[in-house]
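As the structure lists them, so they are numbered: ligands from 1, and atoms in each ligand from 1.
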Amino acid sequence: MTSARLHLDGQIHEFPVIHGTEDEVGIEIGQLRSQTGAITLDSGFTSTGACTSSITYIDGANGILRYRGYPIEQLAEESDFAEVAYLLLYGELPNAEQSAAFRADLTYHSMIHEDMKKFFEGFPPNAHPMAILSAMVASLSTYYPGTEKESRDANFVRLIAKIRTLAAYAYKKSIGQPTIYPRNDLSYGENFLHMMFAVPAEEYQVNPVMVKALNMLLILHADHEQNCSTATVRMVGSSRANIFAAISSGICALWGPLHGGANQKVLEMLEVMEKDGGGYQKWIDKAKDKNDEFRLMGFGHRVYKNFDPRATILRKMTGEVLEELGMEDPLLEIAKNLERVALEDSYFVERNLYPNVDFYSGILYRAMGIPTNMFTVMFAIGRLPGWLAHWKELREDESARIYRPRQIYTGPNERKYEPLAGRG
Ligand code: CMC
């Protein structure tokens with residue numbers, strides 16, 4: 001298949017067909033409007049590709065997710081977050097020298113400018129950490145105003161290194177504790193846990209089980225091709241706004257409950273179910289009721305129509321980590337039972353609604369001592385390398401133009417302005 005034909009108003013128009021490396025098929029309709037005067041309309045971009053990309057491959061029907069060709073299962077089991085970040089950014093796994101240099105860079109860029117600590121003082125104590133994070137990331141641009149060309153790689157490292165410091169500071173601020181500086185002898189994940197949970201009065205020992213779980217969680221979230229927040233980063237990046245502005249916009253898009261904000265909502269939902277104690281059927285019925293706003297949070301996905309491989313890994317990992325930590329969480333049982341009841345219901349079966357990455361992640365975060373309102377921040381730390389890789393891909397694509405969708409106007413036709421006195 002090399003071209004597609006469109007019959008419109010008695011005329012035939014031909015458009016080139018493009019094939020991806022996994023045989024995905026796209027019809028290039030860039031010339032559609034100039035040739036025919038018509039545009040395509042695809043609310044929610046269900047069938048619209050905004051770019052070609054060589055970063056992440058998803059096969060939603062078969063539950064396949066690969067970063068740069070590597071299956072997510074292998075990366076989650078055998079790699080760590082710093083290595084995956086390098087892979088996403090530069091397209092290949094690092095060799096020993098590249099790996100050491102990248103990790104050293106992440107270590108030596110982890111502090112934020114001392115003046116920035118004052119910003120935290122201005123937020124109210126109950127400020128949502130996603131608001132703080134997006135504001136702080138945008139503010140980094142004031143400290144690193146260098147031109148894009150000379151500071152591109154340095155800014156990647158700065159952002160990946162500093163986002164966990166900003167996140168940990170936001171948490172410390174919310175509980176009224178002093179901020180803890182990063183340590184150069186700790187790995188990426190260890191340093192985050194240290195900044196989150198150490199207190200000046202006590203020695204803090206990082207638990208290796210937590211570090212392994214954290215690395216796995218961050219890897220599972222690291223990229224997911226053209227999702228809402230990544231598309232936002234590309235959109236903002238296409239206007240050539242600075243990288244900090246683009247990432248800050250991605251953080252805001254991620255915050256929404258239909259996207260990354262779902263992980264917070266899942267845990268809140270499970271807690272309500274636990275308190276209620278009245279079984280699962282009534283929640284399933286509420287989720288099915290079109291007059292009820294309630295949805296089963298952590299269920300459903302635009303792309304996965306069979307299973308979300310990230311949820312499969314997380315379901316298994318959550319049980320294992322709780323066991324290793326010698327912890328029990330009644331919410332894990334509730335989640336598993338809810339999943340079972342939902343997957344036996346024809347409403348969920350017919351619509352291909354399965355647990356997604358957000359369904360089990362909260363239980364794992366909770367076991368690590370991370371508070372519920374920080375869950376989406378954890379997602380943002382994980383997704384950052386993906387956002388940066390997409391921003392880089394966009395900026396290196398010489399054919400990339402500013403993102404500017406069209407619309408079909410459905411408002412009033414031209415009418416005459418009536419001064420206030422003359423209006424009925
Ligand atoms: N509970 C009940 N019904 C649902 C749910 C749900 N969680 N998800 C979808 N549906 C129904 C929806 O009402 C619609 O039914 P009908 O065809 O009768 O109108 C049908 O399933 C298709 O749903 P949709 O909203 O058109 O699908 P979408 O692709 O636009 O939305 C989604 C995908 C993830 C936003 C949606 O499934 C949802 O709201 N899920 C709950 C929120 C959630 O868990 N979000 C995290 C997504 S994964 C992490 C990430 O990538 O951010």
Protein heavy atoms: any of them under 4.0 Å from [atom]?
atom	result
atom 30 (O) of ligand 1	yes
atom 1 (N) of ligand 1	yes
atom 27 (O) of ligand 1	no
atom 49 (C) of ligand 1	yes
atom 4 (C) of ligand 1	yes

Are E28 and V17 packed together at the side-chain level, in the sense that at least one heavy-atom pair is separated by less than 4.5 angstrom?
no
Would you say the side chain of Y169 lies within less than 4.5 Å of the side chain of M116, judging by non-hydrogen atoms?
no
Backbone or side chain, does any N or O of [X] fall under 3.5 Å from an N or O of ligand 1?
X	value
K305	no
A262	no
H224	no
Y347	yes
F348	no

Do [Y] and [X] meet the salt-bridge criterion of a basic N to acidic O distance under 4.0 Å?
X	Y	result
D59	R66	no
E268	K265	yes
K392	E396	yes

I want to know whether F299 and Y354 have ring centres closer than 6.0 Å.
no
Under 6.0 Å between ring centres: does that hold for Y304 and H224?
yes
Protein heavy atom at shortest distance from [atom]:
atom	result
atom 52 (O) of ligand 1	H259 ND1, 2.5 Å
atom 41 (C) of ligand 1	F299 O, 3.4 Å
atom 42 (C) of ligand 1	M297 CE, 3.6 Å
atom 14 (C) of ligand 1	K290 NZ, 4.1 Å
atom 34 (C) of ligand 1	G300 O, 3.6 Å
atom 10 (N) of ligand 1	L353 CD1, 3.6 Å

Would a distance-only check, ignoring hydrogens and angles, find a side-chain to backbone donor-acceptor pair under 3.5 Å from N352 to N306?
no
I'd like to check which ligand 1 atoms, numbered from 1 as shown, lie under 4.0 Å from a non-hydrogen atom of [X].
X	value
G298	43 (C), 44 (O)
G260	52 (O)
R351	11 (C), 15 (O), 16 (P), 17 (O), 18 (O), 20 (C), 21 (O)

Nearest 0.5 Å, please: how far is CE in M297 from CG in L338?
12.5 Å
Looking only at heavy atoms of A287, does any of them come nearer than 4.0 Å to an atom of ligand 1?
yes
Under 4.0 angstrom from ligand 1, any heavy atom of K265?
no
Check step by step if side-chain contact (heavy atoms from CB on, under 4.5 Å) holds for R404 and M235.
CA-CA 8 Å; R404 195 349 184 145; M235 169 76 85; over 6 Å; no
Does the cation-pi check pass for R234 over Y403, that is, NZ or CZ under 6.0 Å from the six-membered ring centre and within 45° of its axis?
no
Within 45 degrees of the ring normal and closer than 6.0 Å to the centroid, is that where the cationic atom of R351 sits relative to Y347?
yes
Which of the listed options, [options], holds the heavy atom that is closest to [atom]?
atom	options	value
atom 6 (C) of ligand 1	D358, I284, L296	L296
atom 23 (O) of ligand 1	R302, R310, R295	R295
atom 45 (N) of ligand 1	V266, L258, N352, D308	L258

Tell me which part of V357 gets within contact of ligand 1: side chain, backbone, both or neither, using heavy atoms under 4.0 Å.
side chain
Where does L254 meet ligand 1, judged by heavy-atom distances below 4.0 Å: at the side chain, the backbone, both, or neither?
neither
From Y171, Y360, F375, residue fulfilling ring-ring contact (aromatic ring centres under 6.0 Å, His included) relative to Y365
F375
Examine the side chains of N227 and R302 and answer whether a donor and an acceptor come within less than 3.5 Å of each other.
no
Between W283 and F294, how do the two ring planes meet: parallel, tilted or perpendicular, split at 30° and 60°?
tilted
